[in-house]
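Data first, discussion second: the structure below is written as structure tokens.
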There are 2 protein chains.
Amino acid sequence: MTAKTRKSFIDYLKLKNLKNTSQRQAIVEIFCAGRGHVTAEDLHRKLSQGGRRVGAATVYRTLKLLCECGLAKEARFKEGVTMFEPDVEKAHHDHLVCTTCGRTVEFYNDTIEKLQETIARRHGFTITTHRMNLFGVCRDCRAKA
Amino acid sequence: MTAKTRKSFIDYLKLKNLKNTSQRQAIVEIFCAGRGHVTAEDLHRKLSQGGRRVGAATVYRTLKLLCECGLAKEARFKEGVTMFEPDVEKAHHDHLVCTTCGRTVEFYNDTIEKLQETIARRHGFTITTHRMNLFGVCRDCRAKA
DNA sequence: TTGGATGCAAAAGATTTGCATCGGC
DNA sequence: GCCGATGCAAATCTTTTGCATCCAA
């Protein structure tokens with residue numbers, strides 16, 4: 001997986017005549033090592049902690065690249081913070097977000113996907129992407145409350 | 001409608017022992033006069049143009065109040081900008097957003113709503129709210145392209 | 001060699017906050 | 001008169017950008 005990710009990223013760089021720098025390698029490495037959602041700042045911190053000092057701007061620039069080539073996806077659960085998640089060979093999914101502990105659960109529902117298409121068509125839209133977040137309280141937090 | 005909105009807002013203020021100031025009145029007035037989505041800045045500009053100078057901070061503070069009492073809703077279609085829409089006696093709905101011209105269409109689909117509930121329950125979540133945005137290109141923009 | 005990449009610091013935006021003053025109730 | 005509200009400016013916070021320097025190809 002990780003190896004494959006690294007591979008497709010390098011392919012993308014070549015395709016666009018961009019350079020495969022050590023910073024980009026380091027960022028992709030850390031980013032793909034995690035499974036969940038991270039912010040640009042999270043990554044920047046992890047890199048620093050790992051002794052790999054990279055400029056914050058470079059992290060942002062690289063995440064943008066990763067999104068462009070489809071290896072990362074943006075998700076916005078709350079105001080002012082953009083989260084990124086690795087999107088490697090992972091099917092499209094939506095999110096359930098616990099508003100108490102922040103835990104997220106991914107799910108996919110084919111019926112909903114199809115309905116979305118139908119609704120869009122009915123309104124003359126051609127869907128390119130969508131975002132569905134369900135916010136609520138998870139079992140654990142409900143138990144604690 | 002507008003009269004009723006003003007009413008419920010005043011009720012809310014009383015309930016919370018907050019004050020019904022002329023600024024708050026002006027903001028609610030303008031906000032509810034429009035039907036679509038506006039940013040805090042939009043409102044601030046409209047007020048100024050109408051000769052009603054109100055501090056930007058007050059607009060933000062009042063919008064927050066309106067959301068608290070359920071008269072406004074937040075919607076985030078793109079990075080870094082929070083849009084607000086009046087939520088008066090209007091059923092819940094989701095959005096179709098044209099990524100080219102920015103036009104939005106509201107829709108409601110009962111089947112999807114029910115499925116969301118089911119999915120959440122299956123994962124042990126109790127949903128409090130959700131947000132579903134379908135992004136795509138509308139008919140007009142497609143024709144122009 | 002050369003054009004893209006990096007790091008830093010400054011800039012940009014949106015939103016919030018501190019504080020002195022103002023004004024409902 | 002009291003306590004919340006306001007306005008302004010300063011502060012925050014995230015993300016972007018300008019620019020001189022650096023480095024992969």
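Atoms considered below: every heavy atom in the structure, side chains included; atoms not considered: hydrogens, waters and symmetry mates.
Atom C1' of nucleotide C:dG4 and atom CG of A:Asn20 are separated by 13 Å, given to the nearest angstrom. Rounded to an integer number of Å, the gap from B:Lys78 NZ to C:dG13 P is 11 Å. Between the CG atom of A:Leu13 and the C1' atom of C:dG3 there is a distance of 15 Å, rounded to whole Å. What separates NZ of A:Lys64 from P of D:dT16 is a distance of 4 Å, to the nearest Å. Rounding to whole angstrom units, CG of residue A:Leu43 and C1' of D:dT14 are separated by 15 Å. Atom CE of B:Met83 is separated from atom C1' of C:dA14 by 13 Å (rounded to the nearest Å). As rounded to whole Å, 16 Å separates atom P of C:dT2 from atom CG of A:Asn17. Taking atom CZ of residue A:Arg53 and atom P of nucleotide C:dA5, one finds them 23 Å apart after rounding to whole Å.
Nearest-nucleotide assignment on DNA chain C puts the 5′-proximal partner with A:Lys19, out of B:Gly80 and A:Lys19. Mapping B:Glu79 and B:Arg52 onto DNA chain D via the closest heavy atom, the residue that lands nearer the 5' end is B:Arg52.
Distances shorter than 4.0 Å separate some side-chain N or O of B:Gln23 from OP1 or OP2 on D:dG7. The phosphate of D:dT6 (OP1 or OP2) has a side-chain N or O of B:Thr21 nearer than 4.0 angstrom. The phosphate of C:dT6 (OP1 or OP2) has a side-chain N or O of A:Arg24 nearer than 4.0 angstrom. B:Thr58 has a side-chain polar atom (N or O) that falls below the 4.0 Å cut-off from OP1 or OP2 of D:dG7.
Using a 4.0 Å cut-off between a side-chain N of Lys or Arg and a carboxylate O of Asp or Glu, A:Asp42 and A:Lys46 do not qualify as a salt bridge. Ion pair B:Glu74/B:Arg131 not flagged as a salt bridge, since none of the NZ, NE, NH1 or NH2 atoms sits closer than 4.0 Å to an Asp/Glu carboxylate oxygen.
Annotation: B:Arg142, atom CZ; neighbour count of heavy atoms from other residues, nucleotides and ligands within 6.0 Å is above 12.
Once rounded to the nearest 0.5 Å, the distance linking CG of B:Leu18 with CD of B:Glu68 reads 8.5 Å.
Listed nucleotides C:dG4, D:dA5, D:dG7 differ in distance to A:Leu18; the shortest reach to its side chain belongs to C:dG4. The A:Tyr60 side chain lies nearest to D:dT15 when the options are C:dT17, C:dG7, D:dT15.
Residue-level contact check: A:Thr39 touches neither bases nor backbone, having no heavy atom under 4.0 Å from any strand. Across all strands, B:Ser22 comes closer than 4.0 Å to no nucleic acid atom at all (heavy-atom distances).
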Requested in this report: List the steps and the verdict of ring pair (Phe, Tyr, Trp, His ring centres under 6.0 Å) for A:His37 and A:Phe77.
Outcome: CA-CA 10 Å; A:His37 305 93; A:Phe77 300 137; 5.1 Å; yes
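Donor-acceptor pairing under 3.5 Å, judged by distance alone, is absent between the side chain of A:Arg61 and the base of C:dG4.
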